[in-house]
Structure formats: structure tokens, C-alpha cells
Amino acid sequence: RGLADDKDFAPEDAIQLAAWNPYDQNTVAEFFDPAWMFGVSDGFDIVIGNPPYIQLQNNGGELAKLYEPCDYKTFAKTGDIYCLFYERGWQLLKPKGHLCYITSNKWMRAGYGEKTRGFFAKNTNPQLLIDFAGVKIFESATVDTNILLFSKEDNEHKTLCAVTNKQNKDGVKNLSVFVQQQGVECDFTGSTPWVILSPIEQSIKQKIEAVGTPLKDWDINIYRGVLTGYNDAFIIDTEKREAILANCQTEEERKRTAELIRPILRGRDIRRYGYKWAELWIINIHNGIKGKLPRIKIEDYPAIKAHLDLYWDKISKRTDKGDTPYNLRNCAYMEDFMRPKIIWKRIGSILRFSYDTTGNLGLDSTCFATGQHMAYLCCILNSLMGHYMFKDSPKTGTGDLLVSVQAIEPILIPMNKDMECLFENLLEEVLEHRSEETEKEINRLAFKLYDLSPAEINYITDFVTQSQQSQ
């Protein structure tokens with residue numbers, strides 16, 4: 001009754017506060033009021049927790065719609081609610097107070113964590129970060145976790161960091177000792193991915209950044225392969241190709257039909273430097289390129305139409321189609337497949353980059369790059385140095401690398417015209433008669449581009465070798 005009469009509280013709040021029993025440990029409060037519950041009005045000294053992990057876009061984006069108007073600086077529609085818990089915990093701290101959470105470690109590198117990383121760098125002093133990487137802390141949870149300790153004060157840019165892995169997983173049994181022995185000091189300055197690096201890794205990173213140019217700034221174009229919407233109809237083997245050609249009524253029809261059926265490479269066909277074609281073809285009934293190339297009309301290809309009509313129920317209902325069910329979806333870069341290119345598997349456990357000058361198309365399980373310097377770039381990407389630079393690329397839930405357009409664009413490679421001819425010659429050699437000596441020379445020259453020390457070269461070699469052995 002007294003609370004209800006107190007004009008400092010809204011009627012609904014007064015009812016909640018009056019009903020709350022601070023001595024009943026088995027009841028969950030539906031509200032949180034630091035002053036009423038704890039007598040704290042100027043913020044907490046310490047906030048500790050293990051927030052829930054719930055994607056904001058689940059259930060039709062229900063949580064995203066709920067929290068978007070709340071002006072959280074860490075909010076991202078594709079993000080997770082634990083990011084908001086970090087900011088709410090920071091709000092509840094007094095100046096120089098400390099927060100310590102164990103959460104998913106996705107915020108460290110994922111796109112949705114960009115605002116969270118920026119918030120930490122600008123508004124907190126991150127003092128301790130332990131990334132448990134692939135070591136499971138909670139038996140019932142599949143998510144990889146980390147512990148972050150920060151204080152509510154200016155960033156001193158001296159974060160003590162440690163990373164556990166399969167080799168040192170027993171370190172979690174005594175974390176204080178593990179951090180003392182394995183800890184390194186890192187400087188996290190902004191919203192870019194937070195990666196914990198040892199001193200030698202930091203030295204390598206600095207050298208890469210000093211001489212490298214992101215691939216997105218090279219005179220090249222990077223694309224994803226062709227999406228048919230229904231491979232069973234549009235991807236055929238040589239026997240089916242011959243049957244379609246035999247069904248052509250005139251020599252002229254046979255000739256134009258043969259030109260339309262093009263060799264196709266899948267991700268699994270890609271090898272280092274070269275490829276192993278599975279004798280598969282794509283019926284390239286493209287949708288045209290505005291202002292350049294007219295749409296292919298199925299009426300001009302009766303034999304192909306007869307083949308595709310066998311799959312009409314499927315191709316007519318697919319979402320990825322062109323102006324007609326017979327046409328492939330729009331692909332403005334179709335002509336680029338004819339140019340010299342590097343092609344690679346988009347998702348896989350092992351990195352392989354193939355050099356192609358024969359005009360093969362690539363299925364959507366591949367990506368490819370065209371433009372200048374293709375032979376040079378193919379050598380660098382296939383080298384030990386190239387493989388090392390992908391170590392922090394995004395991964396699938398099973399640990400496979402996602403070598404998408406977005407993943408490869410930031411890779412830093414030096415522009416070095418003086419050494420380009422050397423790599424072009426070595427690529428010719430490795431394609432003609434692949435030898436261990438040629439590949440060693442490619443690795444040696446790639447390391448030289450970055451001016452690495454013998455210790456750094458050994459570190460990268462061991463790292464890549466161990467990574468490949470574990471895959």
C-alpha cells in the first residue's frame with residue numbers, strides 16, 4: 001500500500017516491487033532494480049555472468065524487433081542477445097567497475113560482432129581475454145566459448161590473452177597457471193576481428209600488413225560460380241551430351257547446341273594448380289547480359305528443350321531461374337569464365353587454387369577470379385604462405401574453411417612486378433611436370449616477398465603442416 005502511494009514509482013512497478021520476496025531463493029524476479037534490490041544507486045563494483053546465447057533473428061526476428069528500439073550500441077539484427085548483455089552489464093557498472101562473462105566467442109571474429117568489438121575498444125579497458133577455441137567448456141553446449149574481463153574505464157591497449165587448443169586443452173584445469181605461462185599481450189583498437197597472436201605471430205602479421213595489398217584492391221574481379229537451381233537437369237555427363245547432339249535435326253543445330261554445352265568444374269574437381277575434370281557439362285542456357293548478350297531462346301535448341309522437358313516439374317518450380325524456366329538465372333559475369341582465371345572450392349578443409357585458361361565454367365560450389373596477375377596470384381595462394389593467411393577465415397560448424405568472395409578479398413599479397421615472371425615460369429613448370437623442388441621454390445619466393453626471418457618461416461611451415469595433418 002505504501003509503495004502504491006509513493007509517487008516515485010509507477011503503479012505497475014510498485015506492484016512488482018511489493019510482490020518481490022528477497023528471501024525466496026527459488027523464485028525468479030521478472031524485473032531488475034539495483035536500488036530496490038541491493039541498495040545500489042551508483043552502479044556495481046562487479047558484474048559476473050553467463051548470458052544466454054539466442055540469435056536475435058530466431059522466431060521471425062522477434063527479439064530483434066523487441067530490442068532494436070532500445071538503442072544498444074552492440075545491436076545487430078543478425079547478432080546474438082549475449083552481445084546486448086555485455087552492454088547492459090557495462091551500464092550497471094560504476095566507473096572503474098569490472099565485468100566478467102563467459103559467452104560464445106563468435107563476437108571476436110563474426111560480422112555481427114563488429115559493433116560489439118567496437119564498443120569494447122571504445123568504452124572499456126579489456127584486461128583479460130581467454131579464447132577456448134575448440135575446447136569444450138560446457139558438456140551440454142556445442143558453442144565455442146571465451147572469458148572476457150573488462151573494467152569500465154579508458155582502454156589501455158594492453159589485454160592479457162590466451163588461447164586453448166587441442167594440444168594444450170588440459171590447461172583449462174588450472175586457468176591461472178595456464179594464462180601465466182601462455183599469456184600474450186594484445187592491443188585491440190577497434191571493430192576489426194579480435195585475433196589473439198603470440199609475439200612471433202604479431203611479427204608475421206606486421207610484415208604481411210607492411211607489404212601486402214588486399215586482393216579487393218588489385219585489378220581483378222572475384223565471383224561465385226554458376227547456380228542452376230536444379231543440377232540434375234542442367235549438369236550432364238558426356239554420354240548425355242552425345243545423346244542430345246545426336247538428337248539434333250540439322251548440322252547447324254548440332255553446331256550451335258555443342259557451343260552451348262560447356263565443360264563445368266565442381267569444387268571437388270579442383271586440385272592445387274590444376275584440376276581433374278569429371279567430364280561433366282553444363283547446359284548454358286544463360287539469361288543474357290544486358291546491353292551485351294541476348295537471352296538464349298530455347299526454341300532455337302529443340303534437342304536441349306526435349307531434354308529439359310523431362311525435368312519440367314522441377315525446373316518450372318525452382319526459384320533460381322531466368323526469364324523462363326529453361327534459362328539459368330542472371331549472371332552478368334558469364335563471359336569472364338572464358339578469360340584466364342583462378343578457380344577454387346568455396347567450402348572445404350584443404351585449400352586448393354587451380355589455374356585455368358580453357359574456358360571451363362565453375363559450378364556454385366566454386367569461386368573464381370579473373371584479371372591481371374592470375375599466374376602470380378595462383379602461386380602465392382597455393383604456397384605455404386598463402387595457406388597461412390587463410391588461418392583466420394570463417395569456418396563452417398564442422399570446421400571447413402569458407403573461402404567465399406568476402407573471405408578472399410582481404411588477403412594481403414605484395415604487388416611485385418620484378419618477381420612476377422619468376423612465378424609465371426614456376427607455374428608453367430608445376431603444371432607440366434609437378435615436382436617437389438618446384439613447389440619448394442614457390443614457397444621460398446613467397447616467403448621472400450614478405451621478408452620473413454628463418455624463425456618465422458619455420459613457424460608458418462609447422463603451422464600449415466600441422467593444420468593439414470589434422471584435416
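Fair warning: this is a prediction, and the values are worked out from it, not measured in the lab. Positions are given from 1 along the sequence.
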Donor-acceptor check, side chain of [X] to backbone of [Y], threshold 3.5 angstrom: yes or no?
{"X": "Tyr101", "Y": "Phe85", "result": "yes"}
{"X": "Thr159", "Y": "Pro126", "result": "yes"}
{"X": "Lys115", "Y": "Phe75", "result": "yes"}
{"X": "Arg318", "Y": "Thr228", "result": "yes"}
{"X": "Arg117", "Y": "Thr192", "result": "yes"}
{"X": "Thr465", "Y": "Asp462", "result": "no"}
{"X": "Asn327", "Y": "His286", "result": "yes"}

Distance check, rounded to the nearest 0.5 Å: [X] atom [atom1] versus [Y] atom [atom2]?
{"X": "Asp144", "Y": "Met108", "atom1": "CG", "atom2": "CE", "value": "11.0 Å"}
{"X": "Tyr72", "Y": "Ile81", "atom1": "OH", "atom2": "CD1", "value": "8.5 Å"}
{"X": "His387", "Y": "Ser393", "atom1": "NE2", "atom2": "OG", "value": "11.5 Å"}
{"X": "Leu99", "Y": "Leu149", "atom1": "CG", "atom2": "CG", "value": "8.0 Å"}
{"X": "Ile282", "Y": "Asn360", "atom1": "CD1", "atom2": "CG", "value": "11.5 Å"}
{"X": "Thr366", "Y": "Lys345", "atom1": "OG1", "atom2": "NZ", "value": "11.0 Å"}

What I want to check is whether the side chains of [X] and [Y] have a donor and an acceptor closer together than 3.5 Å.
{"X": "Tyr86", "Y": "Thr124", "value": "no"}
{"X": "Trp107", "Y": "Asn146", "value": "yes"}
{"X": "Asn105", "Y": "Asp131", "value": "yes"}

Contact check, side chains of [X] and [Y], non-hydrogen atoms, under 4.5 Å:
{"X": "Ser151", "Y": "His98", "answer": "yes"}
{"X": "Glu409", "Y": "Ile222", "answer": "yes"}
{"X": "Asn382", "Y": "Ile442", "answer": "no"}
{"X": "Phe390", "Y": "Val403", "answer": "yes"}
{"X": "Ile408", "Y": "Trp344", "answer": "yes"}
{"X": "Ile208", "Y": "Met389", "answer": "yes"}
{"X": "Asp80", "Y": "Ser104", "answer": "no"}
{"X": "Glu456", "Y": "Phe447", "answer": "no"}

Which heavy atom of [X] sits nearest a heavy atom of [Y], and at what distance?
{"X": "Leu427", "Y": "Cys378", "value": "CD1-SG, 4.5 Å"}
{"X": "Gln202", "Y": "Cys186", "value": "NE2-SG, 4.2 Å"}
{"X": "Ile380", "Y": "Ala446", "value": "CD1-CB, 4.2 Å"}
{"X": "Lys73", "Y": "Glu87", "value": "N-OE1, 2.9 Å"}
{"X": "Asn125", "Y": "Glu156", "value": "OD1-N, 3.0 Å"}

Original post:
Could you go step by step and tell me if Phe353 and Leu377 meet the side-chain contact (heavy atoms from CB on, under 4.5 Å) rule?
Top reply: CA-CA 9 Å; Phe353 296 87; Leu377 292 175; over 6 Å; no
Neighbour count above 12 (heavy atom, 6.0 Å) for [X] [atom1]:
{"X": "Asp154", "atom1": "CG", "answer": "no"}
{"X": "Arg271", "atom1": "CZ", "answer": "yes"}
{"X": "Glu185", "atom1": "CD", "answer": "yes"}
{"X": "Lys94", "atom1": "NZ", "answer": "yes"}
{"X": "Lys391", "atom1": "NZ", "answer": "yes"}
{"X": "Tyr230", "atom1": "OH", "answer": "yes"}
{"X": "Lys207", "atom1": "NZ", "answer": "yes"}
{"X": "Ile46", "atom1": "CD1", "answer": "no"}

Subject >> Step-by-step side-chain contact (heavy atoms from CB on, under 4.5 Å) determination, Leu63 to Leu84 >> reply: CA-CA 11 Å; Leu63 288 175; Leu84 308 185; over 6 Å; no
**OP:** Run the numbers on Leu328 and Asn287 for side-chain contact (heavy atoms from CB on, under 4.5 Å), then give the verdict.
**Re:** CA-CA 6 Å; Leu328 301 176; Asn287 209 44; 5.9 Å; no
Subject >> Reference residue Phe368; test ring-ring contact (aromatic ring centres under 6.0 Å, His included); the match among Phe337, Tyr275, Tyr355 >> reply: Phe337
Original post:
Looking at Phe119, Phe150, Phe44, which one forms a ring-ring contact (aromatic ring centres under 6.0 Å, His included) with Trp90?
Top reply: Phe119
Exercise answer: donor-acceptor pairs, residues 210-219 side-chain atoms, under 3.5 Å, sequence neighbours excluded:
unit_1: Trp218; atom_1: NE1; unit_2: Thr213; atom_2: O; d: 3.0

**OP:** Report the C-alpha separation of Asp323 and Arg295 in whole Å, then their side-chain angles, then the decisive distance to 0.1 Å, and conclude whether the side-chain contact (heavy atoms from CB on, under 4.5 Å) test is met.
**Re:** CA-CA 9 Å; Asp323 293 344; Arg295 174 175 62 83; 3.5 Å; yes
